[in-house]
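Excluded from the calculations below are hydrogen atoms, water molecules and symmetry mates; all remaining heavy atoms, backbone and side chain alike, are included. The chains referred to below are lettered A, B, ... by the order of the sequence lines, with proteins before strands, and numbering in each begins at 1.
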Protein chains: 2
Amino acid sequence: MKKKDALPKGWATSADVAARAGVSRSAVSRTFTEGASVSPATRARVLKAAEELGYQVNRLARSVIQRQSSLVGIVVPGMQNEFVVQLLGPLAENLAHHSLAPLLIDARDPAQMASKLRYLLQYRVAGVIFTSGSPPIELAQEYLRLRVPVAMINRDANLESVDVVTSDNQEGGTLAADCLIKGGARRLAYVNLPSGTYSGISRGAGFSEAVARSGIASISLELVQGTIPDYAGGVDVAAQLLDRPPERRPDGVFCANDLLAFGFLDAARYDFGLRVPEDIAIVGFDDIPMASTQGFALTTIRQDVEALAREAVGLLVQRMAEPTTLARTRRIPVQLVPRATSKS
Amino acid sequence: MKKKDALPKGWATSADVAARAGVSRSAVSRTFTEGASVSPATRARVLKAAEELGYQVNRLARSVIQRQSSLVGIVVPGMQNEFVVQLLGPLAENLAHHSLAPLLIDARDPAQMASKLRYLLQYRVAGVIFTSGSPPIELAQEYLRLRVPVAMINRDANLESVDVVTSDNQEGGTLAADCLIKGGARRLAYVNLPSGTYSGISRGAGFSEAVARSGIASISLELVQGTIPDYAGGVDVAAQLLDRPPERRPDGVFCANDLLAFGFLDAARYDFGLRVPEDIAIVGFDDIPMASTQGFALTTIRQDVEALAREAVGLLVQRMAEPTTLARTRRIPVQLVPRATSKS
DNA sequence: ACCCGTATTGCACTCGTGTGCAGTCTAGGC
DNA sequence: GCCTAGACTGCACACGAGTGCAATACGGGT
């Protein structure tokens with residue numbers, strides 16, 4: 001009678017494996033714990049028995065005793081913003097490198113935000129990553145009190161123990177301004193994100209300063225506050241900004257993200273019959289995949305999504321090991337990608 | 001001296017709450033367990049104490065004892081496919097209604113797939129949802145052995161215990177064909193997804209059958225196998241399909257998803273200078289947000305993302321309660337959204 | 001042969017929670 | 001006043017794992 005009684009009652013426990021391998025439960029535990037002391041011989045026997053039984057460590061039980069799970073909350077403001085979505089893949093991948101798993105929280109609705117964040121705590125997450133303009137910062141206070149590491153992507157924090165990794169938004173604004181000015185634009189406009197967004201403000205600041213620095217006297221600059229940071233929002237802003245006599249119409253526009261730029265671009269050429277970039281040049285921000293299509297061919301500022309994700313996870317992991325380190329900020333370089341909506 | 005010693009050592013446990021409320025730990029547990037027997041009086045005292053201590057149930061510990069977590073794995077094939085991304089939000093929301101949380105697994109790389117799925121098991125997930133063309137089905141076998149509920153969105157399964165919820169792909173193909181034929185197209189083409197994709201095959205089948213059913217003798221139909229289901233893939237296929245004399249060029253094309261259609265559309269009008277829909281009509285599938293922009297204005301078949309997510313979660317939850325029910329299939333209706341790339 | 005340092009091993013306790021069981025309390029009918 | 005059903009409550013055990021500590025085994029130097 002062979003050992004055909006494998007895979008019996010569903011989940012195998014470490015005790016099952018121990019019994020089959022003829023060792024103590026401790027040995028099994030140590031086999032699956034990195035850095036623990038097990039002889040190669042027993043280790044091999046345990047692994048064999050585990051394989052035969054289809055044993056998988058119960059990470060929940062492990063988390064209970066270690067008083068920390070291997071889950072990391074990822075808080076996103078809905079899935080509309082393609083840029084945030086692009087972060088998800090790299091984030092998941094980088095977390096996996098540290099044996100962490102992403103727990104996805106969609107915080108589109110600010111009303112439910114508080115309860116969702118509290119809910120996340122029930123899983124004793126090892127850390128949280130907030131992306132872009134997601135949550136009012138006060139809500140993160142409870143995390144800080146409990147010393148749950150927090151990292152933010154493209155947000156400011158101004159808290160002593162919250163790491164921030166952000167694209168160099170200001171530099172991006174500067175690049176955009178230089179590009180437009182060099183292309184000959186003199187009536188500039190900046191289409192911002194909804195008010196209060198950190199990214200939007202920084203990009204605008206860089207843009208404005210570069211315009212001032214240009215030293216060109218005849219140059220004008222107009223700042224427009226967007227309400228919705230998507231295609232329709234771009235169309236709306238364009239309707240308001242382009243419905244003027246040509247001499248008062250902007251001839252160079254910087255949109256705080258690509259979706260806004262798409263909307264603005266389409267409105268400009270289809271609704272107002274303008275030629276781009278001859279009558280008006282447009283620069284976006286993000287470089288989402290659609291920006292490189294022939295129909296848009298949008299000149300834009302590229303964010304390094306991979307680097308943002310890598311740094312965010314890196315900082316978070318460091319903080320898990322050393323929870324009291326002071327807040328650090330990583331600024332990721334951005335890059336101008338010239339395409340067909342600008343002259344340079 | 002007031003009770004100012006609240007929020008002491010980080011995480012409060014049920015024992016802390018019990019002590020503060022002057023009840024047993026069981027009472028605390030029952031207060032946070034739906035349907036358990038607690039008197040309104042003690043319940044109130046427990047809640048008060050819990051509030052004061054900032055107590056949050058430790059779902060990990062709960063999961064250990066209940067031998068099942070409240071985590072649900074969501075397996076996606078990368079974040080390129082916008083349609084899949086659109087599912088994420090509604091899925092998360094519907095899961096939340098059942099006190100479940102989504103554990104995100106990016107299975108873009110088929111090589112790592114097996115290990116990622118195994119890893120997911122370590123969290124004793126309460127169920128798994130596979131989206132679109134993600135994983136070779138054999139990999140799900142281990143889940144079935146362990147009786148972990150599995151649901152699939154827009155995939156076939158042909159397994160006795162795997163629920164399937166899918167858009168009515170076949171009907172979608174039919175709608176596309178009818179739309180093109182009614183618009184006068186006679187040389188039809190179907191641009192498929194990469195080979196073996198369930199959705200792609202079904203859509204093609206519906207398309208082909210509708211063409212056959214039309215009874216028009218002079219009609220021709222060409223099937224093209226795509227390799228990459230994105231914008232670049234669409235451009236590639238167009239290059240191959242449109243580089244012919246006009247009388248042999250298709251005049252009506254159905255693309256298996258919107259990204260393919262975008263690429264095909266742009267290639268047709270920009271690379272080949274064709275007028276759409278006069279020279280060639282194009283119909284897509286999905287109705288992602290970009291399809292409604294003025295630049296594309298793509299006629300397409302809309303999938304009901306909300307319904308897909310709702311049904312998938314619903315079936316999964318039912319199966320958690322009743323693990324042995326036979327596999328069920330939910331077919332979600334689709335809808336033709338006529339825009340500017342077709343004549344009807 | 002003896003001693004000692006090092007590498008393994010197992011015992012037993014621990015983590016924070018759910019839940020069966022038996023005991024206690026309350027209200028209501030007689 | 002007594003009895004009984006029903007609603008609560010608490011005790012004690014369970015879940016599946018990590019880990020300090022002491023015990024053991026091993027190897028080498030004298």
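At the heavy-atom level, A:Phe32 lies nowhere under 4.0 Å from the strands shown. Residue contacts shown for A:Ser29 include a base, since a base heavy atom lies under 4.0 Å away.
OP1 or OP2 of C:dG16 has at least one side-chain nitrogen or oxygen of A:Arg67 nearer than 4.0 Å.
Atom CG of B:Asp16 is separated from atom C1' of C:dT17 by 13 Å (rounded to the nearest Å). In this structure, B:Asn58 places its CG atom 13 Å from C1' of D:dC15, rounding to the nearest Å.
Using a 3.5 Å distance cut-off with no hydrogens or angles, the side chains of A:Arg43 and A:Thr31 do not pair a donor with an acceptor.
The side chain of A:Val64 sits closest to D:dG16 out of C:dA12, D:dG16, C:dG18. Comparing atom distances between the A:Val57 side chain and each of C:dA7, D:dT9, D:dG18 picks out D:dG18 as nearest. Closest approach to the A:Ile65 side chain among C:dT14, C:dT19, D:dG16 is made by C:dT14 (side chain taken as heavy atoms from C-beta onward). Of the listed nucleotides (C:dT9, D:dT9, D:dA17), C:dT9 has the atom at the smallest distance from the side chain of A:Ser37. Listed candidates were C:dA12, D:dC15, C:dT19. Nearest to the side chain of B:Thr33 is C:dT19.
Side-chain atoms of B:Arg25 and base atoms of C:dT17 include a donor and an acceptor less than 3.5 Å apart. A donor-acceptor contact under 3.5 angstrom links the side-chain atoms of B:Ser26 to the base of C:dT19.
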